[in-house]
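Notes follow once the structure below has been shown.
Just so we're on the same page: letters track the sequence lines, and every chain starts at 1. This is a predicted model, so every value here is computed, not measured.
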Amino acid sequence: MKLKKIDATGKPYRIFAEHLESQAIDQFVGAMQLDSVLKGALMPDAHSGYTLPIGAVVAVQGMVYPSFVGYDIGCGMCAMKTTFRPADIRTHAPAIFKRIYEQLPVGFAHRKTPSEWGDFKRLDHTPHLKKLMVNGGLKQLGTLGSGNHFVEVGEDESGAVWIVIHSGSRNIGHSVATHYLKAASPDGRPREGFFGLLTDSAAGEDYIRDMAYCLAFALENRRQIMHVVADAIASQVEGKLIVSSLINRTHNHAEKTGGLWIHRKGATHAEDGMPGVIPGNMRDGSFIVRGKGNPESLSSSSHGAGRVMGRKEAKRKIDLASFAADMRVRGITAKVDRHTLDEAPGAYKDIHEVMAMQADLVDVLHHIRPIINIKG
DNA sequence: ATGTCC
């Protein structure tokens, strides 16, 4: 495969998506025209976002762009295998479902007391972020959030039960993103546009430090959710986590490789041999994958199926009764009502088609089919 | 995405 070229820039890029909105193309081409951006790729689930499309990967020299990482810094996936038995989970699904909601704060909810996190003082971070952590950050550790964040308890093709988590850095990441979007903005207000920070400037160095902290915070958040969910299941049926099987992948980050800052915004890191987790939707579940380190995707893959309609449009167009029937016939215990209609499978691209479009980016190891789904 | 505006 040869890299396509943008005429205006002559820079190498490759688009793995079909049917892109014109706004997403404009955003991507605009970014590719920046002097600091040397290479890029759009994943199969790409759609327009804040300044840069979700599903974009760009390699940047000498700059970091807060808007190329996005608001939920460190948002990503965790998956862990367990010794629970699928039949037990199905039999006790209503009780497990109820128990998880009792134990896990979802939506805007947070914990009444700060969670334990041994690393939170040790990791390097700025005074600004320290203030955020003291002012409630630790109460958000082990909380799910809302939107497309979820917990899935499912079964793979071999009969193994997995717990899959999609969550991020909660308000910490959002506040850090806002802070540095302001620092990069010409008028001190967060606004859309290609405003970056020099990596050797004070603000750029601070963003890199705080971003790394948010990645650690988001991982710890997912790890704690994993244990809350496992404990909730273990209160009803026999079994436990297989802790050594943990896979953690963030899909909103920037990392320095070969002297360039690779920004992934809604794109999963997929180096050769690297394990990953790609969620599909509430009905079709998630995929455990192994990266292929494809240079054309800047060693990345999609972070999910990608939306085909906005949340408001989905709530207007998708029929609740058929969504509910779709879930019921597969025996999936989930919150299915007008509040989760925007997360219905029909709001997303067909995940099987998306996986086929990235066959050169990742190999599929396991397909996890949902038994229980938890949403904010 | 975000205890949904410090």
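- Rounded to an integer number of Å, the gap from A:Phe150 CZ to B:dA1 P is 12 Å.
- Note on A:Asn148: only backbone sugar-phosphate atoms sit closer than 4.0 angstrom, heavy atoms only; bases stay farther off.
- Backbone-only contact: A:Gly147 has heavy atoms under 4.0 Å from sugar-phosphate atoms and none from a base.
- Residue-environment remark: CD (A:Glu116) stays at or below the threshold of 12 foreign heavy atoms within 6.0 Å.
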What's touching nucleotides 3-6 of chain B from the protein side, N or O pairs under 3.5 Å?
| unit_1 | atom_1 | unit_2 | atom_2 | d |
| --- | --- | --- | --- | --- |
| B:dG3 | OP1 | A:Asn171 | OD1 | 2.9 |
| B:dG3 | OP2 | A:Arg170 | NH1 | 2.8 |
| B:dG3 | OP2 | A:Arg170 | NH2 | 3.4 |
| B:dG3 | N7 | A:His110 | NE2 | 2.6 |
| B:dG3 | N2 | A:Asn171 | ND2 | 3.0 |

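- Note: CD1 (A:Ile54) to P (B:dA1) measures 9 Å, nearest angstrom.
- In this structure, A:Arg311 reaches the sugar-phosphate backbone alone: every heavy-atom distance under 4.0 Å involves primed, P, OP1 or OP2 atoms, never a base.
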For residues 228-236 of chain A, dump all side-chain donor-acceptor pairs below 3.5 Å to protein atoms at least two apart in sequence or in another chain.
| unit_1 | atom_1 | unit_2 | atom_2 | d |
| --- | --- | --- | --- | --- |
| A:Ser235 | OG | A:Arg99 | NE | 3.4 |
| A:Ser235 | OG | A:Ala232 | O | 2.6 |

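- Between the side chains of A:Asn221 and A:Ser167, at least one donor-acceptor pair of N or O atoms lies under 3.5 Å.
- Summarising the geometry, the separation between CE on A:Met211 and P on B:dA1 is reported as 21 Å, rounded to the nearest angstrom.
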Which donor-acceptor pairs under 3.5 Å do side chains of residues 70-89 of chain A form with protein atoms, sequence neighbours excluded?
| unit_1 | atom_1 | unit_2 | atom_2 | d |
| --- | --- | --- | --- | --- |
| A:Asp72 | OD1 | A:Ser169 | N | 2.9 |
| A:Asp72 | OD1 | A:Ser169 | OG | 3.3 |
| A:Asp72 | OD2 | A:His149 | NE2 | 3.3 |
| A:Thr82 | OG1 | A:Phe84 | N | 3.2 |
| A:Thr82 | OG1 | A:Val161 | O | 2.8 |
| A:Thr83 | OG1 | A:Lys240 | N | 2.9 |
| A:Thr83 | OG1 | A:Lys240 | O | 3.4 |
| A:Arg85 | NE | A:Asp88 | OD2 | 3.1 |
| A:Arg85 | NH2 | A:Asp88 | OD2 | 3.1 |

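- Taking a 6.0 Å sphere around CZ of A:Arg290, one finds it holds 12 or fewer heavy atoms contributed by other residues, nucleotides or ligands.
- Under a 3.5 Å cut-off, the side chain of A:Lys112 and the backbone N or O of A:Lys139 do not form any donor-acceptor pair.
- The distance from atom CZ of A:Phe68 to atom C1' of B:dA1 is 18 Å, rounded to the nearest whole Å.
- In this entry the distance linking CG of A:Asn221 with C1' of B:dT2 reads 14 Å, nearest Å.
- The nearest whole Å value for the distance from the OH atom in A:Tyr71 to the C1' atom in B:dA1 is 9 Å.
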